[in-house]
Amino acid sequence: MMAVFVLIHGGGSTAWDWHLVGPLLEASGHEVVAVDLPIEDAAAGLEDYTRAVTEAVGDAQHTIVVGHSLGGFTAPLVCEELHSDGLVYLSAMIPMPGETFGAWWTNTGHDRETIPDEPYFNLVPDDLAQEATERERDQQGAWMSGPWPGKHPDVPTLGILCRDDLFFPPRFMRRQVRDRLGTEPVEIPGGHYATLSNPDAVATALNDFARQISGSG
């Protein structure tokens, strides 16, 4: 079974983050949908983020939703709305029902981690890091102060840990995935932006997950 991968970018970012991963998934026979969320609109809430994605997906079937970083707050909502076959958290925040964006940092223990001044683009080639920086957008949203309105969908769910991630360090991510999903993460090489530093590893992990879902269906 070929999947439709719905790829959700992180905070302050764009769908361009997936431009190296998308073709690799398509080369394996999957379809890819990646859109820019309306993050610069201070009035836009998670429901608006979700709508932007679901409208782009349309009536496509066999979707697998992937959220990167802050995209972890949107991905489960999209997954529920689309009745997706699977959900993936890629170096992502995994929220709990009713939890605010601000509370997540304390509740997960991330506030006790030692994070370097520039934790995002390690291992990303200089030209790609420069372009990513030039494409950055101003993340807005009053929604961050409110309770997360979602829940963990009852679908196969994967947490992907990037072993070279400086922003969500491996030890932290293992704990978050175990505590919040009750599973062990899949570990791949790459930093926080593994989509740019190691797209092959990201695509391989996603392909493997699609095969697992297909085999269990």
Side-chain angles (χ1 to χ4, degrees), residues 4-19 21-22 32-61 63-111 119-120 132-160 167-168 172-173 176-177 179-181 192-193 195:
V4 177
F5 279 100
V6 182
L7 308 176
I8 299 175
H9 64 76
S13 202
T14 70
W16 177 87
D17 290 350
W18 301 99
H19 80 282
V21 175
V32 171
V33 177
V35 301
D36 290 345
L37 302 179
I39 63 172
E40 293 169 296
D41 182 355
L46 288 173
E47 68 277 8
D48 300 298
Y49 291 13
T50 300
R51 187 180 306 111
V53 178
T54 57
E55 288 180 352
V57 173
D59 59 0
Q61 301 296 304
T63 57
I64 297 175
V65 182
V66 186
H68 174 241
S69 200
L70 181 59
F73 272 77
T74 303
L77 305 179
V78 173
C79 182
E80 281 279 281
E81 189 72 19
L82 293 177
H83 305 288
S84 297
D85 292 344
L87 172 64
V88 180
Y89 293 94
L90 170 63
S91 291
M93 304 171 78
I94 305 174
M96 297 298 287
E99 186 173 53
T100 65
F101 168 82
W104 178 90
W105 304 93
T106 302
N107 293 345
T108 59
H110 188 276
D111 61 333
Y120 301 114
T133 300
E134 293 172 352
R135 289 173 176 271
E136 285 180 354
R137 297 186 291 155
D138 185 17
Q139 176 72 53
Q140 298 289 318
W143 66 266
M144 293 183 179
S145 62
W148 185 59
K151 62 179 181 179
H152 295 302
D154 186 18
V155 298
T157 302
L158 174 67
I160 299 179
F167 188 52
F168 292 163
F172 164 79
M173 277 300 297
Q176 185 191 202
V177 171
D179 290 350
R180 300 201 160 200
L181 299 181
H192 191 64
Y193 275 83
T195 56

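Residues take their numbers from the sequence shown, with the count starting at 1.
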Colleague: Of all the heavy-atom pairs spanning P153 and P76, show the shortest one and how long it is.
Modeller: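 For P153 versus P76, the nearest heavy atoms are CG-O, 3.7 Å.
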Colleague: Please verify the inter-ring angle class for W18 with H68; under 30° counts as parallel, over 60° as perpendicular, anything in between as tilted.
Modeller: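 Perpendicular.
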Colleague: Using a 3.5 Å distance criterion without hydrogens, assess whether the side chain of Q176 forms a donor-acceptor pair with backbone atoms of T108.
Modeller: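 Flag not set: sc Q176 to bb T108 has no pair under 3.5 Å.
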Colleague: Please indicate whether E80 has more than 12 foreign heavy atoms, meaning atoms of other residues, nucleotides or ligands, lying under 6.0 Å from its CD.
Modeller: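 Yes, CD of E80 has more than 12 neighbouring heavy atoms, counting only those of other groups under 6.0 Å.
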Colleague: How close do A15 and D36 get, heavy atom to heavy atom, and via which atoms?
Modeller: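 Reported closest heavy-atom pair: N-OD1, 2.7 Å.
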Colleague: Could you state the interatomic distance from CD1 (I39) to CZ (R137), rounded to the nearest 0.5 Å?
Modeller: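 These two atoms lie 4.0 Å from each other.
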Colleague: Of all residues at least two apart in sequence or in a different chain, which pass the side chain to side chain donor-acceptor pair (under 3.5 Å) check with T74?
Modeller: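 Counting only residues at least two positions away or on another chain, T74 forms no side chain to side chain donor-acceptor pair (under 3.5 Å).
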Colleague: Evaluate the criterion side-chain contact (heavy atoms from CB on, under 4.5 Å) for residue pair S69 and F168; output intermediate values, then yes/no.
Modeller: CA-CA 9 Å; S69 200; F168 292 163; 4.2 Å; yes
Colleague: Under the criterion side-chain contact (heavy atoms from CB on, under 4.5 Å), I'd like the reasoning laid out for Q139 against L70: C-alpha separation, chi angles, the key distance, then a yes or no.
Modeller: CA-CA 10 Å; Q139 176 72 53; L70 181 59; 3.7 Å; yes
Colleague: Centre-to-centre under 6.0 Å for W143 and F73, is that the case here?
Modeller: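 Close enough - the centres of the two rings lie under 6.0 Å apart.
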Colleague: Can you list the steps and then say if V78 with V57 is a side-chain contact (heavy atoms from CB on, under 4.5 Å)?
Modeller: CA-CA 10 Å; V78 173; V57 173; 5.7 Å; no
Colleague: How many angstroms lie between atom CG of L181 and atom CG of L87, to the nearest 0.5 angstrom?
Modeller: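 Rounded to the nearest 0.5 Å, the CG-CG separation comes out at 8.0 Å.
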Colleague: Does some side-chain heavy atom of H83 sit less than 4.5 Å from a side-chain heavy atom of Q61?
Modeller: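 Heavy-atom side-chain distance check fails, nothing below 4.5 Å.
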Colleague: Heavy-atom count check: over 12 atoms from other residues, nucleotides or ligands less than 6.0 Å from D111 CG?
Modeller: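 Check passes, neighbour count above 12.
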Colleague: Mind listing the closest non-hydrogen atom pair of D85 and P156 along with its distance?
Modeller: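 Between these two residues, the closest heavy atoms are O-CD, 3.3 Å.
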Colleague: Report the distance from atom CG of L90 to atom OG1 of T195, rounding to the nearest 0.5 Å.
Modeller: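 Reported to 0.5 Å precision, the distance equals 7.0 Å.
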Colleague: With a 3.5 Å distance limit and no angle check, can you tell me whether T106 reaches the backbone of A103 through a side-chain donor-acceptor pair?
Modeller: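 No, T106 side chain to A103 backbone: no donor-acceptor pair under 3.5 Å.
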Colleague: Might you point out which heavy atoms bring V35 and H9 nearest each other, and give the distance in Å?
Modeller: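 So the two residues come closest at O-CD2, 3.4 Å.
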Colleague: Test side-chain contact (heavy atoms from CB on, under 4.5 Å) on W148 and L46; report intermediate values, then the result.
Modeller: CA-CA 9 Å; W148 185 59; L46 288 173; 3.7 Å; yes
Colleague: Check A92 against G67 and note the closest heavy-atom contact, atom names and distance.
Modeller: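 Shortest heavy-atom contact: CB-O, 3.4 Å.
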Colleague: Taking the six-membered ring for Trp and the single ring otherwise, decide whether the centroids of F167 and H110 are under 6.0 Å apart.
Modeller: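 When the ring centroids of F167 and H110 are compared, they turn out to be within the sub-6.0 Å range.
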Colleague: Distance from T50 atom OG1 to E55 atom CD, nearest 0.5 Å?
Modeller: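 With rounding to 0.5 Å, OG1 (T50) is 11.0 Å from CD (E55).
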Colleague: Nearest 0.5 angstrom please: L77 CG to L82 CG, how far?
Modeller: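 So the CG of L77 and the CG of L82 are separated by 11.0 Å.
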Colleague: Enumerate the side-chain hydrogen bond (donor to acceptor under 3.5 Å, both in side chains) contacts for residues 86-99, please, sequence neighbours excluded, ordered by first and then second residue.
Modeller: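 Output for this query lists S91-D165, E99-N107, E99-R180.
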Colleague: Nearest heavy-atom pair of C79 and V155: which atoms, and what distance?
Modeller: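 What the structure gives for the nearest pair is SG-CG2, 3.7 Å.
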Colleague: Would you say CD of E47 has more than 12 non-hydrogen atoms from neighbouring residues, nucleotides or ligands within 6.0 angstrom?
Modeller: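 Counting other residues, nucleotides and ligands, CD of E47 exceeds 12 neighbours.
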Colleague: Hey, are the side chains of Y49 and P38 touching, using non-hydrogen atoms and a 4.5 Å cut-off?
Modeller: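 Yes, side chains in contact.
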